[in-house]
Every structure is written in structure tokens, then in C-alpha cells.
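Scroll down for the structure; my scribbles are underneath it.
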Amino acid sequence: MTTVQKIKEIEDEMAKTQKNKATSYHLGQLKAKLAKLRRELISPSGGGGGGPGIGFDVARTGVASVGFVGFPSVGKSTLMSKLTGTHSEVSEIDFTTLTTVPGTLKVHGAPIQILDLPGIIEGANDGRGRGRQVIAVARTCNLIFIVLDVLKPLGDKKIIESELEGFGIRLNKKPPAILVRKKDKGGIAITNTVPLTNIDQEEIKAVLSEYKLSNVDVTIRQPNMTADDLVDVIEGNRVYIPALYVLNKIDAISIEELDLLYKIPHSVPISSREWLNIDELLEKMWDALELVRVYTKPRGQSPDYSAPVVLRRGRCSVEDFCNAIHKEIAKQMKYAVVWGASAKHSRGQKVGLDHILEDEDVVHIAKK
């Protein structure tokens, strides 16, 4: 029996099993087994041929990368061609793009790499089509644009989400606040600082037993935690990526229908053909990427606003700024003077390496 058949068998059994106290242990085991089988699909064991596949090895450029994922012929290639000036085959026929096509787009002075990934087909995470390679590239992106056709957005949205979930990509989520710590002896100790509403202790123990974890401390701070959250933490190979749902072809619908589309969370309705609402798409992309622009100011000169040093929020200290220019600068720095949102005074603030910078700050580095 193939891995895909085993997964189908477990999914069918889970669908038939009613959730109650008597079955919670069994369901926990099934969820853990399912996750282990999916892991085999993501990284199949066995030698040879492990590369990403022809056309899928993309050299990284820019400060962040955005992957376009979607079914064939939803307008991904048209949108990318117009945004970046990169030619990606455009046609009404399914499966025009067969390799990953990279392009670069400048937003607020920051170069951002755009990857047009080949169209996903249903069953991609089971290895059908070129789905596995497509999703493997998507896992490395900083942001995913899920491009949907406005005439059938919700059905396609659900299918693509389940394909990405099957490959360990969690969209618009944070890692669960669950700690699983192995120990030498003492059995299983479960402590929770929030009520367990979707899982009980039996189900937790079932998941742990499936992973042969008999001596562990489990600390749960995740509200409404599920067995899937626990499996994600144990597996440890999940990636948490922000996503925007790009609802293309709004030129084919009415204003009333457009109002309804805006109710879908994280969505941006656009028309790539008529070039409608692209400004909002770029602004939402910028916000989701959480980039911080910092301008340099040489001694006795005006700040250089033409070429910002672009950092990621969470890694935007003065030390990160120095390292982005050259590794030796942080060692040679005596102090830095910062102007902007992170400075206490409008005339500038003298700071050290650990000072956190904000978007559009100006920095002067004084050397020893």
C-alpha cells in the first residue's frame, strides 16, 4: 500500500469516528500517524534524485521573497509580468508556467523578489503534477500570494490551503505556545495555564505515545489548543508564513459582489488585466513583510534617501544595521546617532548596538 493510500485510509477512519471521551485516545493516535505519513511525502526516504527538480532552483535576490501560488490560469503570470517586467508565459490555457519564474519589484526603495510558481493542481501534496516542487519553493518564501479567480474564490481557497497545510505550511498563524521537553524518567507531566477546550489529557497522551514519548513535560499556554497543534510542535518542521488572498478578475463582477469579497480575511480584490487596486495590494504586501528601511548619514552630509538599508522587523537593531552594510562596522563602532521614530529627541539620540530601529530612521555611525 502506498503512502497516499495509507493517508486516505486514516482520513476515512477519522471521518467515520465520532469524537467523544471513549474515542479521544484513538483519534489522537490517528492524527499523529497521519502527520508522520505526511512527513514521508514531504521528504521521502530513499536515495537519489533529491533535488528540487528542473527549473525550481532559484537564486535568491532582494530583501524578501513573495511566492505566487494558485491554480492554473487565474492570472498569476499577467500580474507578475506587469509588476516586475519579467516575462512569464501568459495564456488562457491551463499549465502555461512550468518552471519557477523569478522577477524583482521595488517597493518603497526595497528590492523584493517575486516568484511565479507553476499552477497547483488538487492533490499536489500527494505528489501529483509538479505540486511537491511548487510547495517546496513556497515553504522558503517570506510571504505567499494565493491568487484566486473571483468567480470561484472560496472553493479554490479551501483546496489550496489544505494542499499547503499538508506540506507543513501554516498560513497567517503563529507557532503554538506549547512546550514539549524530553526527560530521562518520571513519565508524562501535563500542565496547562489555559483551559483545554478542544483536547483532553487522553488525546494528548495518545499523540505522545504514537511518537514514543513516554518521559516528557508538556506545558500548554495555547488557547483552544488542538491535537494538530501538539503534532506541529512535536514534528518541529512547520513553517509559519503570512499570506494574502489576491482575488483577481474583479472587472468581471458587480460592485455588490466586490463588497462581499472584502469580507474574506487577508484578501485584496484586484484586476491584473485592467490594473485595478494594485496600489492596495502593494501596501498590504509591504505591511505583511514587516520590513524596516534605515537611511545612512555620513558625517557632515545630508542623509542618503536613495538607497535604504532594508532590515526585517525583529532583526532591526543597530548591530543588524551595521552587519547589513559590512561585518567589520559593528566592531569599529564607538556609538551611533539615530534620528526618527525610535529616537527620544528630534535632534537625534546617541545609542549603542542593541538599540532597535524603526522604519525610515536615519543613522550615523561614529567609529572608534
Whether N192 side chain and P195 backbone form a donor-acceptor pair below 3.5 Å: no
Donor-acceptor pair between N198 and T226 side chains, under 3.5 angstrom: no
N248 (side chain) donor-acceptor with V74 (main chain) under 3.5 angstrom: yes
Short side-chain to backbone donor-acceptor contact, D359 and R293, under 3.5 Å: yes
D251 bridged to R273 by N-O distance under 4.0 Å: no
Heavy-atom side-chain contact between L154 and I264 under 4.5 Å: yes
In one Ile/Leu/Val/Met/Phe/Trp/Tyr side-chain cluster, 4.5 Å: I199, Y25: no
Spacing of CG belonging to L260 relative to NZ belonging to K263, to within rounding of 0.5 Å: 5.5 Å
Approximate separation, where rounding is to 0.5 Å, of D287 CG and L244 CG: 9.0 Å
Side chain Q301, main chain P298, donor-acceptor under 3.5 Å: no
Common cluster, V218/L213, ILVMFWY with side-chain heavy-atom separation under 4.5 Å: yes
Backbone N/O of Q222 and side chain of D229: donor-acceptor pair under 3.5 Å: no
Over 12 foreign heavy atoms within 6.0 Å of CZ, R221: no
K350 NZ/CZ over Y335 ring centroid, <6.0 Å and within 45° of normal: yes
Between Y245 and E161: side-chain donor-acceptor atoms closer than 3.5 Å: yes
Parallel, tilted or perpendicular, as decided by the 30° and 60° cut-offs, for the rings of F68 and F145: tilted
Joint hydrophobic cluster, V337 plus V292, side-chain heavy atoms closer than 4.5 Å: no
N215, D217, T219 screened by side chain to side chain donor-acceptor pair (under 3.5 Å) with R181, the one that passes: D217
Aromatic plane relationship, Y295 with Y305 - under 30° parallel, 30 to 60° tilted, over 60° perpendicular: perpendicular
Heavy-atom side-chain proximity of P269 to V150 below 4.5 angstrom: no
Min side-chain heavy-atom separation L291-V107 under 4.5 Å: no
Pairwise distance OG1(T17) to CD1(I10) - rounded to 0.5 angstrom: 11.0 Å
Short side-chain donor-acceptor distance under 3.5 Å, D304 and T296: no
Flag if over 12 foreign heavy atoms under 6.0 Å of CG, D279: no
K152 atom NZ, over 12 foreign heavy atoms within 6.0 Å: no
Closest non-hydrogen atom pair, A138 against I144: O-CD1, 3.9 Å
Atom NZ of K8 with >12 non-hydrogen neighbours under 6.0 angstrom: no
Single-linkage hydrophobic cluster, 4.5 Å side-chain cutoff, L247 and L171 together: yes
In one Ile/Leu/Val/Met/Phe/Trp/Tyr side-chain cluster, 4.5 Å: V233, L27: no
Minimum heavy-atom distance L143-A288, with the two atoms named: CD1-CB, 3.8 Å
H26-E203 side chain donor-acceptor pair, cut-off 3.5 Å: no
W339 side chain to V363 backbone, donor-acceptor under 3.5 Å: no
Closest non-hydrogen atom pair between V231 and A35, with its separation: CG1-CB, 3.1 Å
Under 3.5 Å donor-acceptor, T23 side chain and Q18 backbone: yes
Exam field: side chain K368 to backbone K331, donor-acceptor pair closer than 3.5 Å: yes
Sub-4.5 Å side-chain heavy-atom contact between L230 and M225: yes
Test item: K6 side-chain N/O and L37 main-chain N/O as donor-acceptor pair under 3.5 Å: no
Spacing of CG belonging to D232 relative to CG belonging to D228, to within rounding of 0.5 Å: 6.5 Å
I114 vs P102 side-chain heavy atoms within contact, under 4.5 Å: no
Gap separating the OG atom of S342 from the CG atom of L357, nearest 0.5 angstrom: 5.0 Å
Stepwise side chain to side chain contact (heavy atoms under 4.5 Å, CB included) check, L276 with I278: CA-CA 6 Å; L276 301 173; I278 302 300; over 6 Å; no
Any L281 side-chain heavy atom under 4.5 Å of V246 side chain: yes
Distance-only side-chain donor-acceptor flag, D354 / S317, under 3.5 Å: no
Expected output: side-chain R312 to main-chain L289 donor-acceptor under 3.5 Å: yes
H355 and Q349 side chains, donor-acceptor separation under 3.5 Å: no
Which atom of D361 lies closest to which atom of A341, heavy atoms considered: OD1-N, 3.0 Å
Electrostatic pair E165-K173, nearest N-O below 4.0 angstrom: yes
Side-chain heavy-atom pair M333, L353 within 4.5 angstrom cut-off: yes
Exercise: identify the closest heavy-atom pair between S65 and N142: N-OD1, 2.7 Å
Salt bridge flag under 4.0 Å for residues K31 and E210: no
V338 to A343 - nearest heavy-atom pair and separation: O-CB, 3.2 Å
Spacing of NZ belonging to K76 relative to OG belonging to S272, to within rounding of 0.5 Å: 11.0 Å
Close side-chain approach of L115 to V66, heavy-atom, < 4.5 Å: no
More than 12 heavy atoms from other groups under 6.0 Å of CZ on R315: no
Set of residues satisfying ring pair (Phe, Tyr, Trp, His ring centres under 6.0 Å) with respect to Y262, sequence neighbours excluded: none
